[in-house]
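To start, the structure itself, in structure tokens.
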Amino acid sequence: MKPRVRFAPSPTGFLHIGGARTALFNWLYACHTGGTFILRIEDTDAARNSQEAIGVILDGLRWLGLDWDEGPITAEVTGPSKGDCGPYFQSQRNAIYQRRVEALLSRGLAYEHEGAVKFKMQREPVLIKDVVVGEVVRKLTDREEADPDFVIMRSDGQPVFHLVNVVDDIEMNITHVIRGEDHLSNTAKHIALFQAFGVPAPHYAHIPLILNPDGTKMSKRDKGASLASYLDDGFLPEAVVNYLCLLGWSPKDNREKLSLAETIERFDLPQILRHNARFDYEKLLWLQGEYARELPNDRFYEMAVHAFAKAGTDTNRFPLDYVKAALDTCKGKFKTFKELPDYAGFYFRDQFDYNADGAKKDFIPENKPRLQKLRDAFGNIVLFTAANLEAALKATATELGVKAGVLVHPCRLAVTGNTAGPSLYHLLEVLGREKALARMDKAMGAF
RNA sequence: GACCCUAUCGUCUAGCGGUUAGGACACCACCCUUUCACGGUGGCGGCCCGGGUUCAAGUCCCGGUAGGGUCGCCA
């Protein structure tokens, strides 16, 4: 029988990076084994569910490219779905839970208590066989010792997580439960429930958690906790996926950058690490740079234009050839697309401030006549190309008896306002004679 | 408080009883270079502590310590 795995998030309004990694590992395992990946929405807590919150989950998974074989198609709880085990929203499966609870009740395995229904939990330790962690003997805690039973249906008739989780795993024929290690202790309850229903428990694989850089638990508020923040910050999903694969799993051959196909090929449950991992933003940034550099041009332009639009710059007001030429000078020189509007904004506006440190260093009296001479040399160029600009600048430098850098720095600052940026000669060519010379003229007034 | 999991450079990791403990990110230096980035070379830096077992322990066992998780009519 082919594995059937599921990602079962609850709609809290955001998708945690750790949840995304759990989804990824489930998806990878399904792909690796030719199994089925199911998306089930655990929206039993009516108080904090909303269609928007569900949309966040679907959008996040789609952005990462984690397509599901069974589950909802839209964020609408009564909307269409794919697969034969629906509904895939737990809020729509109440009759099923009701029947299961009644079955336990009638067999004396559960009982009513203050309007709620409690499950009769065994007092003996439970053996959890985990593919990742190994065999774990879970004893009762002191509080559980006092009352080992737990609520499976609230007094308002709504079922509780432990119950619905197990019932749906049974109903949906889940063979492998791959989830965060925060569920390991609860697994004893789940195993007891499976026994009560007379169904063998699935295989369990509890994966380590993702922690903050300082080792503390990564909660909602922490930087980088939300998957959506990576989309907002202009990361590439393939970089995020690649990075997430490296947290708690390793290809073991000293490689970091892996294609999805290779990862699917190599991924398996037993080699998942047992210890938690801290999130390293710098390493993600490095992978982002790796993927950004080799982005196909069409996608690069699309993302770049979008990044500018988001920053309030409509690049469509400029000729397409100009935009593309401008972007070509930037490719591979920045990492996240969020950086781009600052990096190359000078192509799309004539008003900008000069970098203060740069101005202090380069806009000094002795550079003014030099910049004037360079401006004149540029003005005499017939074809305003990078090669000709470079030749003119170097000739001018020789004539003045200075190194090229002496002219390069003030010139860059004059035409871009920045001390760093694309290749000077290429950006001048793209900018064109008129703008380039005008900006140099204007800068000389700032000395 | 109880129960469970974990422990290799700052971080992510390789390691499966015998290694000069390897790689990546970050950091530092140098090279390349008009800036930045890329690339190249080199460097810094680690087996949590204490007991065992063994000819031999990062690797196995026990204890400690530290970190994380769980014990809800949240999921």
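Throughout, protein chains are lettered first and strands after them, A, B, ... in sequence-line order, and every chain is numbered starting at 1. Bear in mind that the values here come from a model prediction, so they are computed numbers and not experimental data. The figures that follow rest on heavy atoms only: side chains count, while hydrogens, waters and symmetry mates do not.
As judged by a 4.0 angstrom heavy-atom cut-off over every strand, A/L273 is placed among residues touching the sugar-phosphate backbone only. Residue contacts shown for A/N276 are limited to sugar-phosphate atoms, with no base heavy atom under 4.0 Å away. Within the 4.0 angstrom heavy-atom criterion, no nucleotide atom of any strand lies near A/R255. Using a 4.0 Å heavy-atom cutoff across all strands shown, A/G248 reaches sugar-phosphate atoms only and no base atom. Among the protein residues, A/R278 comes within range of the sugar-phosphate backbone only, with heavy atoms under 4.0 Å from sugar or phosphate atoms but none that close to a base. Within the nucleic acid shown, A/E256 comes within 4.0 Å of at least one base atom, counting heavy atoms only. Residue contacts shown for A/G332 are limited to sugar-phosphate atoms, with no base heavy atom under 4.0 Å away. Using a 4.0 Å heavy-atom cutoff across all strands shown, A/F279 reaches no nucleic acid atom at all. The residue A/D182 sits close only to the backbone: its heavy atoms come under 4.0 Å of sugar-phosphate atoms, none of a base. Contacts of A/V117 with the nucleic acid, taken as non-hydrogen atoms under 4.0 Å apart, are absent. When heavy atoms are screened at a 4.0 angstrom cut-off, A/K394 is found touching the sugar-phosphate backbone but no base atom. Across all strands, A/K118 comes closer than 4.0 Å to no nucleic acid atom at all (heavy-atom distances). Across all strands shown, A/H162 has heavy atoms under 4.0 Å from base atoms, whether or not it also approaches the sugar-phosphate.
Salt-bridge annotation for A/E171 and A/R40: absent, with no side-chain N of the basic residue lying under 4.0 Å from a carboxylate O of the acidic one. Using a 4.0 Å cut-off between a side-chain N of Lys or Arg and a carboxylate O of Asp or Glu, A/K189 and A/E144 qualify as a salt bridge. Salt bridge annotation for A/R266-A/D253: present, with a cationic side-chain nitrogen under 4.0 angstrom from a carboxylate oxygen. In summary, A/D147 and A/K118 engage in a salt bridge, as defined by a charged side-chain N under 4.0 Å from a carboxylate O.
Heavy-atom distances to RNA chain B give each of A/D253 and A/R274 a nearest nucleotide, and the one nearer the 5′ end belongs to A/R274. Each of A/V132 and A/G215 has a nearest nucleotide on RNA chain B; the 5'-most of these lies closest to A/V132.
A/E390 places no side-chain N or O within 3.5 Å of a backbone atom of A/A387 that could act as its donor or acceptor partner.
Contact annotation: A/H275 reaches the phosphate of B/U13 (side-chain N/O to OP1 or OP2, under 4.0 Å). For A/R154, a side-chain nitrogen or oxygen approaches OP1 or OP2 of B/A75 to under 4.0 Å.
Residues of residues 422-433 of chain A having a heavy atom closer than 4.0 Å to RNA chain B, listed by number: A/P422, A/S423, A/L424, A/Y425. Heavy-atom distances under 4.0 Å link RNA chain B to A/L140, A/T141, A/D142, A/R143, A/E144 of residues 140-149 of chain A, given in residue order.
Comparing B/A26, B/U70, B/U13 against the side chain of A/W286 picks out B/A26 as the nearest. Side-chain atoms of A/K252 lie closest to B/G15 of the nucleotides B/A37, B/G68, B/G15. Taking only side-chain atoms of A/V133, from C-beta outward, the nucleotide of B/U6, B/G22, B/U34 with the closest atom is B/U6. Nearest nucleotide to the side chain of A/H409, out of B/C25, B/U35, B/C5: B/U35. Considering only side-chain atoms of A/T216, the nucleotide from B/G68, B/A14, B/G22 that sits closest is B/G68. Out of B/C73, B/C12, B/C71, the shortest distance to the side chain of A/A116 is found at B/C73. The side chain of A/V136 approaches B/C5 more closely than any other nucleotide in the set B/C25, B/C38, B/C5. Proximity note for A/K139 (side chain, C-beta onward) versus B/A26, B/U70, B/C3: the nearest is B/C3.
Ring orientation note: the planes of A/F337 and A/F300 are tilted relative to one another, at an angle of 30° to 60°. In this structure, A/F150 and A/F119 have tilted ring planes: the angle between them lies in the 30° to 60° band.
Side-chain N/O atoms of A/S155 and base N/O atoms of B/C73 include a donor-acceptor pair closer than 3.5 Å. Side-chain to base pairing of A/K333 with B/U35: one donor and one acceptor N or O lie within less than 3.5 Å of each other. You won't find any donor-acceptor pair under 3.5 Å spanning the side chain of A/R138 and the base of B/U70, going by distance alone.
With both pairing distances under 3.5 Å, B/C44 is matched to nothing as a Watson-Crick or G-U wobble pair. Pairing of B/U20, defined by two Watson-Crick or G-U wobble distances under 3.5 Å, is not identified with any nucleotide. Figure legend. B/C60 is base-paired to B/G52; pairs are counted as Watson-Crick or G-U wobble with both atom distances under 3.5 Å. Remark: B/A7 base-pairs with B/U65. Criterion, Watson-Crick or G-U wobble with two distances under 3.5 Å. As the counterpart of B/G1, B/C71 is assigned, both hydrogen-bonding distances of the Watson-Crick or G-U wobble pattern falling under 3.5 Å.
Ring pair A/H190/A/F161: centre-to-centre distance below 6.0 Å. Ring centroid separation for the pair A/F25 and A/F7 does not come in under the 6.0 Å cut-off.
Relative to the six-membered ring of A/Y301, A/K331 misses at least one condition, a distance below 6.0 Å or an angle of at most 45° to the axis.
A ring-ring contact (aromatic ring centres under 6.0 Å, His included) with A/Y243 is found for exactly one of A/F279, A/W286, A/Y281, A/W249, namely A/F279.
Applying the ring pair (Phe, Tyr, Trp, His ring centres under 6.0 Å) test to every pair with at least one member in residues 394-424 of chain A, sequence neighbours left out, gives no pairs at all.
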